[in-house]
Chemist: 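Before I ask anything, let me first share the structure, which is written out below as structure tokens.
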Amino acid sequence: MGNNERMTEYERRRLENIKRNDEMLAALKIHSKLNDLSAVAAKRQRVEGKSYKRSPVKKPKTESPVVLRRSLRTRGVPPDAATAKGLSDDIDYEKQIKKTPQLNSYSVDRKSPREQGPLAMRDAYTGDDGLDQKLIETLSCSQKSILSEGDTVPCESIDNLEKSEDFETFKGRKMLLGAVNVDKLQLKSENIARLVPGRIMSLKFFPTLDMQMVVVGNKFGDIGFWNVNGMKDDGDGIYLFHPHSGPISGIVIDPYSITKMYSSCYDGFVRLMDVEKEVFDMVYCSEYTVYSMSLSPHNIKSLYFSEGKGGVNMWDVRAGKSLLSCDLHEDRINTIDFNPENENVFVTSSTDGTACIWDLRRMNADKPTPLMTVSHKRAVHSAYFSPTGKFLATTSIDDKVGLSSGANYENTSMVYHYNQTGRWISTFRGIWGWDDSSIYIGNMKRGVDVISVPGNRIVATLESDLLSAIPCRFDVHLYNVGMLAGATSGGQGNVFPRELMCFQDSGLNFRIGIVDST
DNA sequence: TTGGACTTTAAATAT
DNA sequence: ATATTTCCAAGTCCAA
């Protein structure tokens, strides 16, 4: 029954795709006849205009590598088969890269990110000489404008806001609440750039008032920064580093100190980019695949990341030890997210087909029971609390986006959304906008669907001819309401870069909400 | 129950 | 233009 339904849906999509491709081809022919600057030419030119560069020269190492012994796994469980396979694949893949002639940029002789211990930012930097210092400078300067808890900031210091009111920072998730008019979200050519080669796995905005900086992590362990509206003296404002050896599963920025950024990797490493020390410090390392990571906004000393088949490790960053490690799911955990309202509550989404809400006070190493479980028919790829914490949005490959509400999130409704991304496209994840009203999620037609929460359906789709591929990872700028970053994905990923784009609200058509920290 | 073989998918590259 | 390659998901089917 369900199979037949899926087949029918699949056939329908297939026919639609064929039709769309035909139409597109036809349209392109007409355009090129009408205009010398055809849509495609303009697009290609634009995309190639702003992109990362790798420095062709080898840089001398800052220090000789120190090989340390791998610490033994704290948990007495052997790595699961999937993880072991992943790791061996990883090694094979690195070998493959090194013997492929056109991939020389990857075989640059530098300290391997898989070695333990800190990695100097200078050594991990792979762009034009000197510009890494510019990034360090930019982040250090911007740090001064970071809000502290309870700060009140005059609105004129923020772009795109109505100038009459002040706003306060929200205790849990420091964020400006606002409704955007999605019709005004536009993708501009100057807001497209190629940041990293390969598939983008993670994407985050820096939570700053004075700039729009995005950071992405890709499949190869590269991390790319983009100062979207940067100054002229930092080139394109794009900086490329190589601090990891595999897919970067999570990026987390300390909301109170943007000079500290955590990154997690499938290779089992968690690093902390410390701009003050100018290193990618090693926080954690194991033989297990780290599939996701989250920082509690209520307690930034604790870092949470998932390990292997359903495990979660709660790591005390300052003490450098595990607070608690337990198995929460039957399969890999794809996301971890904290409730902005209740500091003890967090949610995990898993390939085992469930999203579970947990209470930190009721955790134990043996058999913790979730406060609530949202069940899907297939793997759940994300579960995120809304900005106020009143809703939960889950995205599953069963072609549903779940919306849960109620005191215990016991009321769940499912919105249909086609999520069959296949193998080459990263999974879709519905993320929250700037208030509890809407969810943004990529679609297979190179668009961004906007799901209305009260409407319980897709109410708009953001589209642009400038968008050259399917967008699948997003983040919203916390203080620049109406600025949505998206990363495209998919395809082969050895030498060609992937692009990142920002939809931006061109107008002032939104309101400011002030949230009480109760 | 588990594990291997096979399939699906989009987009850049190679031909 | 067309064919090939990617390969860190996740399903199905089938044999052990």
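Note on naming: letters A, B, ... go to the chains in the order of the sequence lines (proteins, then strands), and numbering restarts at 1 for each one. All values below were derived from every heavy atom in this structure, side-chain atoms included, with hydrogens, water molecules and symmetry-related copies excluded.
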Chemist: How are the rings of Phe225(A) and Phe241(A) set to each other: parallel, tilted or perpendicular (split at 30° and 60°)?
Modeler: perpendicular
Chemist: Do any side-chain nitrogens or oxygens of Lys219(A) fall under 4.0 Å of OP1 or OP2 in dC7(C)?
Modeler: yes
Chemist: Between dA9(C), dA10(B), dA11(B), which nucleotide has the shortest distance from any of its atoms to the side chain of Tyr291(A)?
Modeler: dA9(C)
Chemist: Taking atom P of dA10(C) as reference, at what distance in whole Å does atom CD of Glu330(A) sit?
Modeler: 16 Å
Chemist: Counting only Watson-Crick or G-U wobble pairs whose two distances fall under 3.5 Å, which nucleotide matches dA9(C)?
Modeler: dT8(B)
Chemist: Rounded to the Å, how far apart are Asp398(A) CG and dG11(C) P?
Modeler: 10 Å
Chemist: According to a strict under-4.0 Å criterion, is Thr351(A) in side-chain N/O contact with OP1 or OP2 of dA10(C)?
Modeler: yes
Chemist: Quick one: Arg423(A) CZ to dT4(C) P, roughly how many Å, whole number?
Modeler: 18 Å
Chemist: In whole Å, what is the span from the CD1 atom of Ile200(A) to the C1' atom of dA11(B)?
Modeler: 14 Å
Chemist: According to the interplanar angle, ranging from 0 to 90°, do the rings of Phe346(A) and Phe338(A) count as parallel (below 30°), tilted (30 to 60°) or perpendicular (above 60°)?
Modeler: tilted
Chemist: Would you kindly give the CG-to-C1' distance between Asn419(A) and dA9(C), to the nearest whole Å?
Modeler: 13 Å
Chemist: Would you please indicate if the ring centroids of Tyr284(A) and Phe269(A) are separated by under 6.0 Å?
Modeler: no
Chemist: Kindly assign one of parallel, tilted or perpendicular to the pair Trp432(A) and Phe391(A), based on the angle between their ring planes and the thresholds 30° and 60°.
Modeler: tilted
Chemist: For dA9(C), does either OP1 or OP2 sit under 4.0 Å from a side-chain N or O belonging to Tyr266(A)?
Modeler: yes
Chemist: Asp399(A) CG to dG11(C) C1': how many Å, rounded?
Modeler: 13 Å
Chemist: Quick one: are the ring centres of Phe385(A) and Tyr409(A) less than 6.0 Å apart?
Modeler: yes
Chemist: Would one find a side-chain N or O of Arg446(A) under 4.0 angstrom from OP1 or OP2 of dA11(B)?
Modeler: yes
Chemist: Check every atom of dA10(C), dA11(B), dA9(C) against the side chain of Ile470(A) and return the nucleotide holding the closest atom.
Modeler: dA11(B)
Chemist: Does Arg378(A) make a side-chain N or O approach to OP1 or OP2 of dG11(C) shorter than 4.0 Å?
Modeler: yes
Chemist: Taking atom P of dA10(B) as reference, at what distance in whole Å does atom OH of Tyr418(A) sit?
Modeler: 8 Å
Chemist: In whole angstrom, what separates Lys377(A)'s NZ from dT12(C)'s P?
Modeler: 13 Å
Chemist: Check the geometry between Trp424(A) and dC7(C) and answer yes if their rings are stacked (centres below 5.5 Å, planes below 30°), otherwise no.
Modeler: no
Chemist: Could you please name the option among dC7(C), dC8(C), dA10(B) that lies closest to any side-chain atom of Phe220(A)?
Modeler: dC7(C)
